[in-house]
Number of protein chains: 2
Amino acid sequence: MTIKDIAKISGVSVSTVSRVLNNHPDVSEDVRRKVMAVVEEYNYIPNNSARSLGQSKSDNIGLIVRGISNPFYTSIIHEIEQDIEKAGYTLVMQQIGATEDELLAGAMMERDKRLLGLIFLGGRLDYTKEQIAAISVPFVSCSSNNAYGSLDDTCYSSVSIDDTQTAYEAVKELYKEGHRRIAVLLARPDDGSVSQIRYEGYVKALTEVGMVPTEDLIMSVDSYNIADAYHGTKAWLDKGIAFDAIFAIADNLAMGAMRALREKGIIVPKDCSIVAIDGIEVSEYMAPALSTYCQPMEELGKTSVDLLIDLIEKKGEHRQIILPTIFREGETIAVR
Amino acid sequence: MTIKDIAKISGVSVSTVSRVLNNHPDVSEDVRRKVMAVVEEYNYIPNNSARSLGQSKSDNIGLIVRGISNPFYTSIIHEIEQDIEKAGYTLVMQQIGATEDELLAGAMMERDKRLLGLIFLGGRLDYTKEQIAAISVPFVSCSSNNAYGSLDDTCYSSVSIDDTQTAYEAVKELYKEGHRRIAVLLARPDDGSVSQIRYEGYVKALTEVGMVPTEDLIMSVDSYNIADAYHGTKAWLDKGIAFDAIFAIADNLAMGAMRALREKGIIVPKDCSIVAIDGIEVSEYMAPALSTYCQPMEELGKTSVDLLIDLIEKKGEHRQIILPTIFREGETIAVR
DNA sequence: CTGAAAGCGCTTACAG
DNA sequence: CTGAAAGCGCTTACAG
């Protein structure tokens, strides 16, 4: 069943069917009704590949989301959907796996869907100017910036929190409450990822108060998985190193650690305080509830869309926007 | 940059470029190298819409996933990806929102991508024969069956657990451990969804032991959100109804309830036992760890793929496969 | 308001 | 091994 069949059955031309399907105003009510009746009777659905091939331009904005299971993205995506819709554009979303190339995915989508612009959610963005050249529409990176890339500020846009600063604040908070043996729980400290830049905030805070970051207080686990954090923490605890607090660079890691602590009979926060960054929903349901610095999810999404649309409509330049985090007080920080 | 440009620059025909790009064997090494050099130099990426339009058939299998944030699906999806790849097919995945029409999404994808078959993950599948007619390739519903639809067994395939039976077992377990005031926590009991069929298991178990399911022990919340479960439970607790256990029809609901209980000073499992169904990862990290009946995620995925491929290759008929759940013992069931 | 025709960027028999 | 040409299913000026 193609548009040709519908045309034949309705007794009109293919052009007319196309007009009806696309709600063009210049079709008589009579013909419109007739065509729609056939369309419904035969349950006709246009081929989108053909449609986007035929179109010379679209009103599509692409969203590439890295990491299918990250609960952290859910509300950001929702916000982005809403705002793009509201602005009169159409969202085309695609999820990619942790190991896939987001730039390639974006470049492909750009061609296939004739995108006007792109948003990358949760990408790494430690790219070079050459790599970025693969995509030729405006784009903004949401929730991560180019902290470890070599791009200058005039050639990309991003909306994110200040990871280092937030980590710095979190650790300072622990210090202020009297903690002096603060361990850091992270995933691969040298992968140019968020793990690394948050770790730098930890180091900065310790250094500032005259403490020396030591190797033995670094708990490095394999991934951001809750299970890996659990096993990693357990192994670290077996070393018997003294500590009175943990700064986890992500809620997910903190949740894994909490189980490990509990199994070892270490009471949070009496024996060990914990603070993290992210503010995903479920961490508030832990017992005790996790104290954490929340990313402003809705704001991240909204700001990304605004920025991109300005770029598309030539109303703005590339910018790197930093949004503040919000501390969510849970029950995992004690006063020493 | 199109295939035509590449052809011109390389000094060969469009057909030849296409052959190189698709790894056809009948191209001389010389030409292949020359073309690839140009492709790389110009960073050429083929247009997929045009590609699938041009092809008369593909080796694509579609996966429609309902509910972007459901952590329960992550490992199922991963398994499906692997198995489809292994069988020599190509996976095309799409996420849809809770309110979108999965059948429509499937039908569109079927045309756009020239699918050989489809897997629906987390759909409702309470469809009629007419509605199903929209899609004309074989498909299987993963993780939900047609319990409330009107399809006869010969026209659809599904792989799922036995929801009613599992709920029945869960409640019987609570009863066996001495609980006599068992509340049920569910989301909209009459929406033809999994909530309803699990609720029936609850009723069946109570009835079997001579207890009468009463209205006051039904905690019905708005959605499967953890937050809704939390608020709903809190409101229900305010009524002051006596109870000694909760059967939650989903882990997510149980987690929300646990926080509400804790805030009211009700100790789990001393004052109230809890058992749920699903077995998502994070519920094992609650304190206390949730006791729950796990869906066999990998098995669900694997079996769906096997079934679909048999259907595609005409080696099998439509079947409805029921997989057993596995009880994960946590710390939320006490003996009364 | 409607239709014929060109074109979107590919693939794929068909010849050679 | 390579190329010319038709075709995939749409859209969109261009005429009328």
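A note on names: the letters A, B, ... follow the listed sequences, proteins ahead of strands, and every chain is numbered from 1.
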Length of the line joining B:Ile3:CD1 and C:dG7:C1', which is rounded to integer Å = 16 Å
Spacing of A:Asn23 atom CG relative to D:dT11 atom C1', expressed in whole Å | 15 Å
Quick one: look up who D:dA13 pairs with, Watson-Crick or G-U, both distances under 3.5 Å, and put none if it's unpaired.
-> none
Counting side-chain heavy atoms from CB outward, which of C:dC10, C:dT2, D:dT12 is closest to A:Val27?
-> C:dT2
D:dT2, D:dG3, C:dT2: which one has an atom nearest the side-chain heavy atoms of B:Ser15?
-> D:dG3
C:dC1, C:dA13, C:dC10: which one has an atom nearest the side-chain heavy atoms of A:Ser28?
-> C:dC1
How long is the line joining CG of B:Asp112 and P of D:dC8, in whole Å?
-> 17 Å
Do you know which two heavy atoms are closest between A:Met108 and B:Asn48, and how far apart they sit?
-> CE-ND2, 2.8 Å
Greater than 12 external heavy atoms within 6.0 Å of A:Glu85's CD = no
With a 6.0 Å cut-off on ring centres, are A:Phe139 and A:Phe120 close enough?
-> yes
D:dG9 phosphate, OP1 or OP2: any side-chain N/O from A:Tyr44 under 4.0 angstrom?
-> no
Go through the steps to decide whether A:Thr154 and A:His318 satisfy the test side-chain hydrogen bond (donor to acceptor under 3.5 Å, both in side chains), and finish with yes or no.
-> CA-CA 6 Å; A:Thr154 60; A:His318 279 302; over 6 Å; no
Grab the CE-P distance between B:Met108 and D:dG9 for me, whole Å please.
-> 16 Å
For the side chain of A:Val14, counting heavy atoms from C-beta on, which of D:dT11, D:dT2, C:dC10 is nearest?
-> D:dT11
Spacing between B:Glu29 atom CD and D:dC1 atom P, to the nearest angstrom = 10 Å
Base, sugar-phosphate, or nothing: which does A:Arg111 touch, judged by heavy atoms less than 4.0 Å apart?
-> nothing
Within less than 4.0 Å of OP1 or OP2 of C:dT11, is there a side-chain N or O belonging to B:Asn22?
-> yes
Roughly how many Å is it from CZ in B:Arg51 to C1' in C:dT12, rounded to a whole number?
-> 13 Å
Check: B:Val14 and B:Ile6 side chains under 4.5 Å, non-hydrogen atoms | no
Nearest to the side chain of A:Arg19, which nucleotide is it out of D:dA13, D:dT11, C:dT12?
-> D:dA13
Atom NE2 of A:His24 and atom C1' of D:dT11 are separated, to the nearest Å, by 8 Å
Select from B:Asp26 and B:Gln55 the residue whose nearest nucleotide in DNA chain D is closer to the 5' end of that strand.
-> B:Asp26
So what does B:Ser18 touch, heavy atoms closer than 4.0 Å: a base, only the sugar-phosphate, or nothing?
-> base
5' priority, DNA chain C, between A:Pro25 and B:Ser52 [closest heavy atom] = A:Pro25
Would you mind telling me which of D:dC8, D:dA4, C:dC8 lies closest to the side-chain atoms of B:Ser13?
-> D:dA4
Would you mind telling me which residue lines up with the more 5' stretch of DNA chain D, B:Arg32 or A:Val17, judged by nearest nucleotide?
-> B:Arg32
Picking from C:dG9, D:dC10, D:dG3, which would you name as closest to the side chain of B:Asn47?
-> C:dG9
Would you call B:Lys129 and B:Asp152 a salt bridge, using N to O less than 4.0 angstrom?
-> yes
Take the protein atom NZ of B:Lys4 and the nucleotide atom P of C:dT11, then report the distance between them rounded to whole Å.
-> 15 Å
